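Structure, as structure tokens:
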Amino acid sequence: MTISTQSSTLFRRACRSLVGGVNSPVRAFRAVGGTPIFLSKARGARCWDADGKSYIDYLGSWGPMILGHGYPPVLRAARRAMVRGTSFGAPCEGEVKLAELVKQAFPSMERVRFVSSGTEAGMSAIRLARGTTGRPLILKFSGGYHGHADGMLVSAGSGALSLGRPSSAGVPLKIARLTLVAPYNDVGAVERLFQKHGKRIAAVIVEPVAGNMGVVVPRPDFLPALRRITKREGAILIFDEVITGFRLSKGGAQGIFGITPDLTCLGKIIGGGFPVGAFGGPARIMNQLAPLGPVYQAGTLSGNPVAMAAGIATLQALFGTDPYRKLQDLALSLIEGVYEAAHRRGVDVVVNGLGSMFTVFFTKDPVEDLAGAARCDTRAYGRFFHGLLKRGVYFPPSQFEAAFVSIAHTPRDVAVTLAAVDGALSDL
Ligand code: HOZ
């Protein structure tokens, strides 16, 4: 299905110099068919493709753009920082200021280390957990995505799922065996893994609200049980809040559910659209990191001054306006509208959502783990996606991802989107 002439020309050209024409697999549209549209511009809640066609954007760059694209204070801050220097490779005040803002919102993050991506945050937090406990094993959940470090590409979500390959070639079996996997929301399976592997488990890493098998919300007992079990067993609990941090609330998912993890990974929103990740936790764990401790971690562009400035401006805007109620109301009206349209059109859907993130699953059964997400009709999602795209609405190009609402979306955008949803469902 080819939507845009310029995009198809660009894609053909891209395939001659970029692997698969893209720099991140899920962008290739393999999960929904057709060829990717190339974007040339984005402002507010809209993006434009290479042919100049505009879309209401619910991809939001996979999560960072909570203020909408080109939010003026963020642009101004980044411009000002750029003029002062694009990279120092030395400490700068912006790093301190962003760390203070992060700490203010996430009291569990007594010490912070900035990196350049969510992948780096996840892999460094895991190394730190192993270094601190002296234990080798990590427990993750199937469909959970924590970046593409070797040990995390085991039953992984996101692009790995959209390609139907939840585990990757090139990960040595010996490394994969250090990762234990339990179904999301399954406390019994976690207990059984701890019974079997006892004191060899360094950490449990979890997306407190899963966003990379589509949105899956934790059952009420799930996160409290993870906290209780890890504490009892002396293992470290890592919340991967790369998506949910500053998305669900100022204090992320941990703020909403009232659970304090040992370590937290952040990314996406804290960079205000620039490449930033972070991880943090209590000083007694974080001080195991170099230069204070024996766990090594480093990066030339870590704490980059332009990215820090964009992050600071983004967090200040979120703290200043407290947009979470508005975001949730917009998302709720979308979700209700999708259910109404699906009912009218006789299509079975389940829409999982929390705050301003949601996923439309084509199924009539609840989706509470990867098995549930995998049972959904992903081909119907692909047709739905293209039906929306042709009507000027850009959803994530895979059912195993989250759609995001920003503060730039308006009730009028929601109404236009719901008309497109109705049309796309009637095409199925
Ligand atoms: N890992 C991202 C989705 N959860 C995809 C990143 C991208 O393709 O840009």
Side-chain angles (χ1 to χ4, degrees), residues 7 11 14 18-32 34-39 42 47 49 55 57-66 69 115-123 140-150 152-168 184 205-216 239-248 252-253 265-277 307 352-354 356-360 370 373 378 381 385 394-405:
S7 284
F11 187 56
L18 296 168
V19 181
V22 293
N23 283 304
S24 191
V26 70
R27 299 179 195 179
F29 277 26
R30 294 284 173 99
V32 289
T35 54
I37 53 168
F38 277 61
L39 297 186
C47 56
D49 70 14
Y55 304 85
D57 178 25
Y58 292 98
L59 188 69
S61 186
W62 305 94
M65 311 317 295
I66 193 165
H69 296 280
V115 291
S116 297
S117 68
T119 288
E120 273 185 78
M123 79 179 196
K140 77 180 279 291
F141 296 90
S142 43
Y145 183 73
H146 310 288
H148 58 86
D150 280 353
M152 289 299 98
L153 286 181
V154 179
S155 288
S158 189
L161 269 180
S162 69
L163 296 178
R165 273 186 231 118
S167 303
S168 170
Y184 196 81
I205 185 163
V206 66
E207 293 173 77
V209 174
N212 287 290
M213 50 180 139
V215 173
V216 175
F239 271 10
D240 181 337
E241 296 228 41
V242 168
I243 290 180
T244 51
F246 297 100
R247 163 66 59 187
L248 293 183
C265 301
L266 296 173
K268 300 199 191 268
I269 288 174
I270 52 162
F274 287 81
V276 180
N352 279 358
L354 196 67
S356 57
M357 57 193 274
F358 67 94
T359 299
V360 179
L370 178 59
T378 51
Y381 183 87
F385 167 82
Y394 196 161
F395 263 38
S398 164
Q399 173 216 261
F400 300 109
E401 300 287 352
F404 298 106
V405 177

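Only a predicted model underlies this, so the values are computations on that prediction, with no experimental measurement involved. Just so you know, ligand 1 is whichever comes first in the structure, and atom 1 is the first atom listed for that ligand. Positions are given from 1, in the same order as the sequence printed here.
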Write out each pair where an N or O from ligand 1 and one from the protein are under 3.5 Å apart, with the distance.
residue  : atom  : partner : partner atom : Å
ligand 1 : 4 (N) : Ser158  : OG           : 3.3
ligand 1 : 4 (N) : Asn212  : OD1          : 2.7
ligand 1 : 4 (N) : Glu401  : OE1          : 3.0
ligand 1 : 8 (O) : Ser24   : OG           : 2.7
ligand 1 : 8 (O) : Arg27   : NE           : 3.2
ligand 1 : 9 (O) : Arg27   : NE           : 2.9
ligand 1 : 9 (O) : Arg27   : NH2          : 2.7
ligand 1 : 9 (O) : Trp62   : NE1          : 3.0

- Looking at side-chain heavy atoms only, is the closest gap between Asn212 and Glu401 below 4.5 Å? yes
- Under 3.5 Å, side chain of Ser117 to main-chain N/O of Gly277, donor-acceptor pair present? no
- Task: Check side-chain contact (heavy atoms from CB on, under 4.5 Å) between Ser61 and all other residues, then give those that pass, not counting sequence neighbours.
- Result: Pro64, Met65
- Query: Between His148 and Met123, is a side-chain contact (heavy atoms from CB on, under 4.5 Å) present by the stated rule, with each step listed?
  - Reply: CA-CA 8 Å; His148 58 86; Met123 79 179 196; over 6 Å; no
- Phe395 and Tyr58: aromatic ring centres closer than 6.0 Å? yes
- Kindly say whether Val215 contributes a backbone atom to a donor-acceptor pair with the side chain of Asn352 at under 3.5 angstrom? yes
